[in-house]
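Here is the structure we will look at, set down as structure tokens.
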Amino acid sequence: MDLFTAAVQDSARAAALWGGLLVLLLITLSGLVVRQRQRLRIGYGDGEAPELMGASRAFGNAAEYAPAAMGGLALMALVGVTPWLVHLVGAVFLLGRIVHAFGLSRSVGATRARVVGMMLTYVPLLVLAVVLIAYAVP
């Protein structure tokens, strides 16, 4: 096995870890929505219940951003980006999604956790974009 293949395998393992953890986060957030629906006896929509709106948006927001991160992490691995950078991007992104979801679970209004969570979402996505573009340009 050559060095490039070994680097890609290590990076792929890193991407797989963060992809798997993001899927677990989505399952957890979805479960929180189901729990609120059962507790509030709301079968469809949000019933204008703030608790359900917050849980639903926490899941929806994560579901909107996670695929881009997972795809980007996979592409980073495919081009042989060093595993530590894949880990860093994945860890910061996951932290951002957790912090943001926590903020939404506390209030549907603006909260410090939501702002910090979005910053911890945008920064790794921006890093990911720059790295992928840098690898694409010869």
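One-based numbering along the sequence shown.
Shortest non-hydrogen contact noted between L29 and A62 is CD1-CB, 3.7 Å. Pairing each heavy atom of G90 with each of L73, the nearest pair is N-CD2, 4.0 Å. Contact record, F102 with S105: O-OG, 2.7 Å, taken as the closest heavy-atom pair. Of all the heavy atoms in P83 and D10, the pair that sits closest is CG-CB, 3.5 Å. Shortest non-hydrogen contact noted between G80 and S11 is C-OG, 4.3 Å. Pairing each heavy atom of A77 with each of A15, the nearest pair is CB-CB, 4.2 Å.
At a threshold of 4.5 Å between side-chain heavy atoms, the hydrophobic network of Ile, Leu, Val, Met, Phe, Trp and Tyr places L120 and L126 in two separate groups. Hydrophobic clustering, with ILVMFWY side chains joined whenever heavy atoms are under 4.5 angstrom apart, keeps M53 apart from V34. Using a 4.5 Å cut-off between side-chain heavy atoms of Ile, Leu, Val, Met, Phe, Trp and Tyr, with links allowed through other members, V115 and L95 fall into different hydrophobic clusters. In the hydrophobic clustering of this structure, L25 does not group with M119; members are Ile, Leu, Val, Met, Phe, Trp, Tyr whose side-chain heavy atoms approach within less than 4.5 Å, directly or through other members.
Between V81 and Y135 there is a side-chain heavy-atom pair separated by less than 4.5 Å. With contacts defined as side-chain heavy-atom distances shorter than 4.5 Å, the pair V123/F93 does not qualify. Residues R97 and M118 are in side-chain contact: their nearest non-hydrogen atoms beyond the backbone lie under 4.5 Å apart. At least one side-chain heavy atom of Y122 sits less than 4.5 Å from a side-chain heavy atom of Y65.
Separating the NE2 atom in H87 from the CZ atom in R13 is a distance of 10.0 Å, to the nearest 0.5 Å. Atom CG of L128 sits about 8.0 Å away from atom CG of L75, to the nearest 0.5 Å. With rounding to the nearest 0.5 angstrom, the CG atom of L26 is 11.0 Å from the CG atom of L21. With rounding to the nearest 0.5 angstrom, the CG atom of L32 is 12.0 Å from the CD1 atom of I27.
Sorted by first and then second residue, the salt bridge (charged side-chain N to carboxylate O under 4.0 Å, His left out) pairs with a member in residues 61-70 read R57-E64; sequence neighbours excluded.
Using a distance-only test at 3.5 Å, with no hydrogens or angles considered, no donor-acceptor pair links the side chain of T82 to the main chain of L85.
Judged by distance alone, the side chains of Q36 and R39 do bring a donor and an acceptor atom under 3.5 Å apart.
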